[in-house]
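Chain identifiers are assigned alphabetically (A, B, ...) following the order of the sequence lines, protein sequences preceding nucleic acid strands; residue numbering begins at 1 within each chain.
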There are 2 protein chains.
Amino acid sequence: MLIGDPARANILTALMSGKALTATELAAEAGVSPQTASSHLRKLEDGGLLRQRKQGRHRYFALRDEAVAQTLEALMGLAAHRGHLRHRTGPRDTALRDARVCYNHLAGDRGVQMFNAMRAQGHLCLEAGGLTLSRAGAGFVRDLGVDLEALDRSRAPMCRECLDWSARMSHLSGKLGRALLAQFCDAGWTRRQEGSRIVTFTPKGRAAFDRAFPA
Amino acid sequence: MLIGDPARANILTALMSGKALTATELAAEAGVSPQTASSHLRKLEDGGLLRQRKQGRHRYFALRDEAVAQTLEALMGLAAHRGHLRHRTGPRDTALRDARVCYNHLAGDRGVQMFNAMRAQGHLCLEAGGLTLSRAGAGFVRDLGVDLEALDRSRAPMCRECLDWSARMSHLSGKLGRALLAQFCDAGWTRRQEGSRIVTFTPKGRAAFDRAFPA
DNA sequence: TTCATAGTTCGATGCTAGTCGAAGTATGTG
DNA sequence: CACATACTTCGACTAGCATCGAACTATGAA
C-alpha cells in the first residue's frame, strides 16, 4: 500500500503538522531527490491521501482531509518510532513572517489573522468554488473606510484565497485584499518599510487591527 | 510497511472477525502457500500486529489487541472510500454494512445507531480526550444484562470510539462494546454467521434493539 | 515404531517498485 | 530578452522482497 514506503512515510509524517509544504521541501524531508519525491507525491495524490494546490511556481501539498490525518495518527501510534521534529519553515526574519506585502495585499500572520476573523464573523463565505463577501461583510469593510462601489466597477475578482508561504494558511487577496491593505496605510495603521516587503504596524494600528480582526 | 503486501492484507482482513485462525487457514485465506504465509505471519508478529498461541500442533493467530483492530478498521475505511478495496456488491455487502463484528464489538449501521442513541440519551459522555459511561449509562447497560462489575475488574479501557469504515461515523468499542455484543448474542438478539463478520438480527432482537437504541 | 498433519527454515528465482541522471515544462525575476 | 528556480517526465539501473520447492522439526494417531 501507499503508506509503506519509507520515503512516503516521511512525507506523510511531515504533513501531519497540518501545514502545506512544497514538493522540494518534502523531498528534503523524505531524504530523496526531487524527481523521486515528485513520483511519490503523484501516487499519494492519486491514492486520495493528499490534495495539491498550485500557486505560482510552487506546488503545495497537504493531507487531503481530517479522516486521513486521523488514520495516520492511529498508524503512527502503532508504529513505535515517532516522527522526528519538523524544521521551521518560512523566513527567518520574524518581521517578515508577521506581516508583509504579497503582491499588494497583506500576508503573514496578520494576513492569516484577518482572513480567519472575517470567516469566523461571517463576513467572508466560502461557497461552491469561490470566496464571496457577505452582506454583513460589505457593511463591515465599508465601516473600515473601503470604497466598495469603486471596487465594484472593475471586473477583477473581489475575494481570492491566497496560500501564505510562512504561515502555510490562507489569507485574503483579490481586489478586496488589495483595498484593505491600502486602507490600513491610509488610516495610519501600517507602514511599508522602504525596499522590503515588510509591513510594520503602528501601536494604534495594531490595537485597531486586533479589534477589527480578533484572533 | 507491513500492511502493504496483498497477502498480509488478506491475512489481517481475515483476522478482523476477531477469531483466532491457524497458520494453514490463513494461508488459504490469503491465497498463498503455507511457507509464504509462515514468513508473513512471523513478520506481522515481529511488527506487533499479531499475537500467537500454540495449542497442540496448531498455531492460532489473532490481532494483537483492539488498538490494532481499530487502526485496521480506519485504514479499510480510507481504502474503501477511495475505491481501492475490492468492491463486493450484492446481499453480502449490504449485510456487512448493516451489522458486522469489528474485532469483537458491533460495527456497521447498527453499531453507529447504538453509539448515537447512547450519546443522545446521555449514557455516553465525551469528555476531555475520552469517552466515559455516565451514571445513568451504567444503570442502562446493567438493565440490558451486562455484568458491569466483572468488566471493572480488568484494566482495559471501558469505552472507545472506533471509526466505522462503511458508515464513516463512530461506533463503540472497548470492554463495554465487546460486552454489549456478547450480551446481544446471549439474549438471542443477534447471531454470528459462520466464517464471516456478518451479524444478523433475529426479528425479536431487532425490535428490542430498536427500542433500546432508537435511531 | 510408522505414518500423517502442522508448521517451519533454507535457498533460488523472478518481478516489483524505488531511485536518480538527464532532459523537458512552467513560472518568476532582472 | 536571458536566467534562475520549481517541478515534472522519461528511462535505465538495481535492491529488496514475495514466492514456492525441498527439506526439516514437532506433535498426534495407530
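- Comparing B:Ser39 and A:His58 by the nucleotide of DNA chain D that holds the closest heavy atom to each, the one mapping nearer the 5' end is A:His58.
- A close approach under 4.0 Å does not occur between any side-chain nitrogen or oxygen of B:Ser38 and OP1 or OP2 of C:dG7.
- Straight-line distance from the CG atom of A:Leu44 to the C1' atom of C:dA17: 14 Å, rounded to whole Å.
- A cation-pi arrangement, defined by a distance under 6.0 Å to the six-membered ring centre and an angle within 45 degrees of its axis, is absent between A:Arg53 and A:Tyr60.
- Counting only N and O atoms by type, the side chains of A:Gln113 and A:Asp210 include a donor and acceptor under 3.5 Å apart.
- Computed from coordinates, the A:Glu45 CD to D:dT9 P distance equals 11 Å when rounded to whole Å.
- Phosphate contact (OP1/OP2 of C:dG18, side-chain N/O of A:Arg8, threshold under 4.0 Å): present.
- Atom CD in B:Glu25 sits roughly 14 Å away from atom C1' in C:dT5 (whole-Å rounding).
- You'll find that the side chain of A:Phe61 is closest to D:dT8, out of D:dT8, C:dG7, D:dA6.
- For B:Arg42, a side-chain nitrogen or oxygen approaches OP1 or OP2 of C:dT9 to under 4.0 Å.
- In the set C:dT8, D:dA18, C:dT19, C:dT19 carries the atom at the smallest distance from any side-chain atom of A:Thr36.
- Between C:dA17 and A:Lys43, no contact under 4.0 Å exists linking OP1 or OP2 to a side-chain N or O.
- Nearest nucleotide to the B:His40 side chain, out of C:dG7, D:dT19, C:dT19: D:dT19.
- Regarding contacts with the backbone of C:dT29, every side-chain N or O of A:Arg57 stays at 4.0 angstrom or more from both OP1 and OP2.
- For B:His105 against B:Leu181, the heavy-atom pair with the smallest separation is C-CD2, 3.6 Å.
- The base of C:dG7 has none of its N or O atoms less than 3.5 Å from a complementary donor or acceptor on the side chain of B:Gln35.
- Put simply, A:Lys54 has no side-chain N or O that comes within less than 4.0 Å of OP1 or OP2 on D:dC7.
- Here B:Glu73 pairs with B:Arg100 in a salt bridge; the nearest charged N to carboxylate O distance falls below 4.0 Å.
- The distance between atom CG of B:Asp5 and atom C1' of C:dT16, rounded to the nearest whole Å, is 11 Å.
- What separates CD1 of B:Ile11 from P of C:dG7 is a distance of 12 Å, to the nearest Å.
- Residue contacts shown for A:Ala7 are limited to sugar-phosphate atoms, with no base heavy atom under 4.0 Å away.
- In this structure, B:Leu172 and B:Leu106 have side chains that are not in contact, with every pair of non-hydrogen atoms separated by 4.5 Å or more.
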